[in-house]
Structures are given as C-alpha cells and as structure tokens.
2 protein chains.
Amino acid sequence: MNVTQTPFGLKLGAFMNLTVEESAELSQLHSRRKKFAHGTDMIYQGQPKQAAYVLASGWACSYRLLSGGERQIISFNIPGDFLGMRSMMAHNTDHNIEPVTRAEASEVLAADLSQTFKNSPRFTAAMLWAISRDEAILMEHLVGIGRRDAKERTAHLLLELHARLKLVKMTSSSSFACPLTQYLLGDALGLSAVHVNRVLRELREDGLVTFQHGEVEFQDLKGLIALADFDSDYLDQNGVLLN
Amino acid sequence: MNVTQTPFGLKLGAFMNLTVEESAELSQLHSRRKKFAHGTDMIYQGQPKQAAYVLASGWACSYRLLSGGERQIISFNIPGDFLGMRSMMAHNTDHNIEPVTRAEASEVLAADLSQTFKNSPRFTAAMLWAISRDEAILMEHLVGIGRRDAKERTAHLLLELHARLKLVKMTSSSSFACPLTQYLLGDALGLSAVHVNRVLRELREDGLVTFQHGEVEFQDLKGLIALADFDSDYLDQNGVLLN
DNA sequence: CGTCGGGTTGATAACTTTCAAATTTCGTGG
DNA sequence: CCACGAAATTTGAAAGTTATCAACCCGACG
C-alpha cells in the first residue's frame, strides 16, 4: 500500500506534499509493525528501551496516575499519531500509553529517526509541525479543563476528535466511530464517569450530538460549535504547506 | 558577565557542561536585549514577525482568552525560560505572552537559532531537553487541574515554582519572592481569585506555607509535598548530563 | 486626599462528585 | 447460537467543592 495513503502519510500530507524519495524514507520508518492488545501498555515508566511508535490502526491514550489512584488522561491518540516522542527526547518516561482498542503501531528507533531527520529537512519540518500541533492540542485541553464547564468541555472534545479523524479519513461528514467509554472520557475531561453520562444525555436532549453504541453523530454541528466555543485553528488542518 | 551565570546559562548548565565555544555561541543568541513593561504583550496573536525570547529578568505568563472573556494561564515563565518556541515552529500564534513584572528578554531570531543548532549538536540536545521539560510541566499542570482539588493544586504550583527558581538561583532554601497576584494564580489554577484567597489562608492555617507580601515561605515542606503529592522528577533537575 | 488594584471575608448559588442500585451491552466459553 | 459474567451505561438522592455577589480593608501612588 502506498504510504501516502496510510494515516501517518495522510497526516503529514496535510502539511506538505511528499516527494517519491520522502515517501520511501517514510515507509522505512513505518515498517517494524507491532500489535497491542487491550491491557498491555505500549509505553510505561521504567521500560527497558526508549521506543516511539507511529500508530497505524486503533486508538490509544496517554495518561498519568496519581498516588491516590486517580488518573488523568493527557491525550487520545488516533491512527497517524506519533507516540512517545517526548520520552525519546527526555530520557525519562513520566507517563504511560495504553491502547484503547486493539492497536497496531510501527516502532521507530531513535537512530532511524535522527537519520531521517538528516536525510530530509522537509520531513523534519513536518515532524516539528506535528509536535507543535500536539502541544497546541494539549494546551487547548488545559484551557478546556481549566475554564470550560462540563458540557462545553465534552462538546469540545467530540468536535476535536471529529476534526482530527477527518484528517486521516476516518469520519463521515457528520459522524464518527468512537471506541471511548464514559470512564475514559471522564478521565480525560477531569469529570466523573457518572457526570459524563449526564452531560451526554443533556447534549442529546438539546438536539446537539448523540454518542451511543460507539458512534458519535452530530445533529446540530453549528449549535455544538457555538456551545463549545470551538475554533479549529489550533489543529492547523491546512498546514502551512511547504511547496 | 559570564553567560554561564545568566539564568539561561544556569538552566542549560544543569543539563550539560558548556564548553567555552558553546558559551560563546550562547552569548551570541543572548544579545539583542529588550525591555517590556507591564501591559505590553511580548507575543500575541497576529503579531507581525515570528519572534522568540529568552527571559533574562522578571516573570511572564502565557495565556489564552476564551470568547466569554475568561482566561486560562498556560504557564508562568521565569528567568532562563525560552518563550515562544512553539509559535516560531508552527507559524501560528494561538496564545499571548505578557510580562507579570517588568521584564527583560533577549530576542532570538529563527535564523540564528537554526545556525546555532547546526553549529552545536550538544546545544541542540539541551534545547530539546528544555522543550520537553516545558511539555512535562504543561502535562503536570493538566493533571493538577483535572484531578487535584484546589488545595493540592495550589500547593503543587508553589512547590513547582520553588524548584524551578532554585535552578536559576532565585530562591533561598525555604522561600522565594513571588510577584504573582491571586488573580494570576486563579487564572493558572482554574480557580476564582476569591477561592485562591481562601485556599492560601487554609494552607497558612495548616502551618504549611505562607504567601504574603510577595514572599512564599515554606513552613512545613514535607507536609506540603505530601499534601500536593509532589514529585519533582518531571522537572528533571539533574538532567542527563552530557559530559 | 482620593482612587485604584489587590486582598479578605461572609452568604448564597451553581456545579460536580459520591454512593447506591437497576439496566443494558458485550465478549467468551460451552 | 446461547448463556453467563464482567463491563459499561443509566438514574436518583445526598453531600461536597467552588463560584458568584457583595462589602470592606489596606497600601501605593498621583
């Protein structure tokens, strides 16, 4: 399969047009496929080797556990996302990444990556773009938890996921398949699962979105965007487009 | 003055021993001094040129405003911090940075920076370390707002600031000068200023910390660390020490 | 002096969690 | 293909945390 049609290729492709050589370089990076089942951490504290992955299929999430047992999900990862970049650069891993569904990911070795950086400055730029996009997502997440109420926050997350999935062609126009449980949503949004349930019901009763049977369907996209104060600029979908 | 004694030099020095050449390279980057008064944004949406700064003196903060007028402070910046790295890499600025006190900062041009990256791989590594440290701080901030209550969160922030300031020699063993208002703390912690006030009072009454007249004094450091579940690992103070 | 930003406190309202229990869905082995 | 148990969803009631509103105090500064 053409790399440019993989989620990773699609995502980088939004930022720049890949040349044939770059596509080749990319496939290189994108081999060494591994499978992960639910319950096996992909990245965890104190793991033996520094590894990073490109998620090829399935969803994952990175999180931190507090001493009291509470957990905060830092981010959800979808196909095309780069996992564990940070733990590769800093030499400590202070968070875990686990699959949300069965997942496949390509392992990326530090050495290969730095080689690719040398070979292709444009690819490097694209990676920097991806990294700062991740940081922007993290920032937006912080803003949501800090200053939006439960309903706005939840709506915002659903809209963000929709936009991100669109980039890798995993949505239809007004819905997407979503494997997250209400517990996972709660741990990401800083809410209890019970309250997530209530909020989803309210959103449904308001005729804005439904999330049932693993499917998120937008009934009133404009209304939801207004409620969540959602501005997709931070996702930078159009990219700056080198070339 | 020797660059290695500036906050920036001290900070990078925690990560690696700077050679004479690297120090020179660093001074280069660290010229072009600018002053900022309270109320003038250093970095803001739609600004004309891509700029980044190394904060030399004073405090700053980066924040985002919501449409409703609420604001969320993303991070506080202290001397030695690199500001606006992200807005330099991605070509959009989705947040503002403003000084908290009078501040001086050295402007860094994109061209100079990439030149320095080429000249010194070790310096580049140190910068990557600094960037991922910032991201770790952001993550910890997210965890705090999502899963810690007001008291724990506040305590955690004070401890973090203490640890970060220690690295640039701006603390005494159990206290530090803190120019933040309760409004700023609230906007960072996702709390109202009124509640910050109450929380600070409780912490004081518990005999843990006092924050009065611009001075934070730890009365019972161990107790506070226990309360906040503070683990300074994420600040990676010791660095990995190249050489 | 008078004003203004910041800090402090009390009372009330709003939002979210916790606890408990019932119901539904889903994966797996028989 | 069905039955079973585990996991996830749903709802109500009560408790807890934090926000909001309002008032007052204080010190810096023109």
Side-chain angles (χ1 to χ4, degrees), chain A residues 37-39 58-59 61 66 68-73 98-102 144-155 157-158 177-206 209-216 227, chain B residues 37-39 59 61 66 68-73 98-102 144-155 157 177-206 209-216 227:
Chain A
H38 196 84
W59 290 41
C61 68
L66 301 198
E70 309 91 338
R71 120 171 143 162
Q72 175 64 45
I73 290 179
E98 73 173 23
V100 166
T101 65
R102 262 192 293 275
I145 295 189
R147 286 298 182 214
R148 282 192 254 262
D149 69 22
K151 211 164 163 184
E152 298 167 344
R153 217 185 292 176
T154 306
L157 177 58
L158 296 179
C178 181
L180 304 175
T181 66
Q182 296 179 355
Y183 284 90
L184 286 167
L185 286 175
D187 282 344
L189 295 169
L191 299 170
S192 67
V194 172
H195 198 55
V196 169
N197 184 284
R198 290 189 228 280
V199 167
L200 288 174
R201 172 155 55 87
E202 284 180 49
L203 289 172
R204 191 182 332 126
E205 287 170 354
D206 292 349
V209 239
T210 63
F211 178 12
Q212 283 171 321
H213 317 299
E215 193 76 17
V216 172
L227 169 68
Chain B
H38 196 83
W59 290 42
C61 69
L66 301 198
E70 308 91 337
R71 116 169 147 166
Q72 176 64 46
I73 290 178
E98 71 172 27
V100 166
T101 64
R102 261 192 293 274
I145 293 190
R147 287 299 182 214
R148 283 192 254 261
D149 70 22
K151 211 163 161 183
E152 296 166 346
R153 216 184 294 174
T154 305
L157 177 57
C178 181
L180 304 175
T181 66
Q182 295 179 352
Y183 282 90
L184 286 167
L185 285 175
D187 282 344
L189 295 169
L191 299 171
S192 67
V194 172
H195 201 243
V196 169
N197 183 284
R198 291 188 227 280
V199 167
L200 289 175
R201 172 154 55 88
E202 282 180 48
L203 289 172
R204 191 183 331 128
E205 286 170 358
D206 293 348
V209 237
T210 63
F211 177 13
Q212 283 170 321
H213 317 298
E215 194 76 16
V216 172
L227 169 68

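All figures in this text were calculated on a predicted structure; none of them were measured in a lab. Chain letters run A, B, ... following the sequence lines, proteins first, then strands; residues in each count from 1.
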Which letter, B, S or -, goes with each nucleotide of nucleotides 8-15 of chain D from 5' to 3', with contact meaning a protein heavy atom under 4.0 Å? SBBBBB--
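When each of A/Leu158, A/Leu200, A/Leu180 is checked for a side chain to side chain contact (heavy atoms under 4.5 Å, CB included) with A/Val216, only A/Leu158 meets the rule.
For the pair B/Asp187 and A/Arg147, the minimum side-chain heavy-atom distance is below 4.5 Å. Side-chain contact check for A/Val199 versus A/Leu189: every heavy-atom pair is 4.5 Å or farther apart. Looking only at side-chain heavy atoms (C-beta outward), A/Leu191 and A/Thr154 come within less than 4.5 Å of each other.
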Name the pairs: protein N/O against N/O of nucleotides 22-29 of chain C, kept only if under 3.5 Å.
none

Distances under 3.5 Å between protein N/O atoms and the N/O atoms of nucleotides 14-16 of chain C, please, pair by pair.
from   : atom 1 : to       : atom 2 : distance (Å)
C/dT16 : OP1    : A/Ala150 : N      : 3.1

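The two atoms that bring A/Ala188 and A/Ile145 nearest to each other are O-CD1, 3.5 Å, heavy atoms only.
Residues passing the side chain to side chain donor-acceptor pair (under 3.5 Å) test with A/Arg148, sequence neighbours excluded: A/Glu140, A/His156. Shown here are the side chain to side chain donor-acceptor pair (under 3.5 Å) partners of B/Gln182, two or more places apart in sequence or in another chain: B/Asn197. When the side chain to side chain contact (heavy atoms under 4.5 Å, CB included) test is applied to A/Ser192, the partners found at least two apart in sequence or on another chain are A/Val194, A/His195. Shown here are the salt bridge (charged side-chain N to carboxylate O under 4.0 Å, His left out) partners of A/Glu98, two or more places apart in sequence or in another chain: A/Arg71. Under the rule for a side chain to side chain contact (heavy atoms under 4.5 Å, CB included), the partners of A/Glu202 that lie at least two apart in sequence or sit in another chain are A/Lys151.
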Using the side chain to side chain contact (heavy atoms under 4.5 Å, CB included) rule, take A/Asp206 and A/Leu227 through it: C-alpha gap first, then chi angles, then the decisive distance, then the call. CA-CA 11 Å; A/Asp206 292 349; A/Leu227 169 68; 5.8 Å; no
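Applying the salt bridge (charged side-chain N to carboxylate O under 4.0 Å, His left out) definition to pairs two or more places apart or across chains, those involving residues 188-201 of chain B are B/Arg201-B/Glu205.
Here D/dT20 presents its C1' atom at 13 Å from CZ of A/Arg147, a figure rounded to the nearest Å.
Axis angle, first five pairs versus last five pairs of the helix from C/dC1-D/dG30 to C/dG30-D/dC1: 50°, rounded to 10°.
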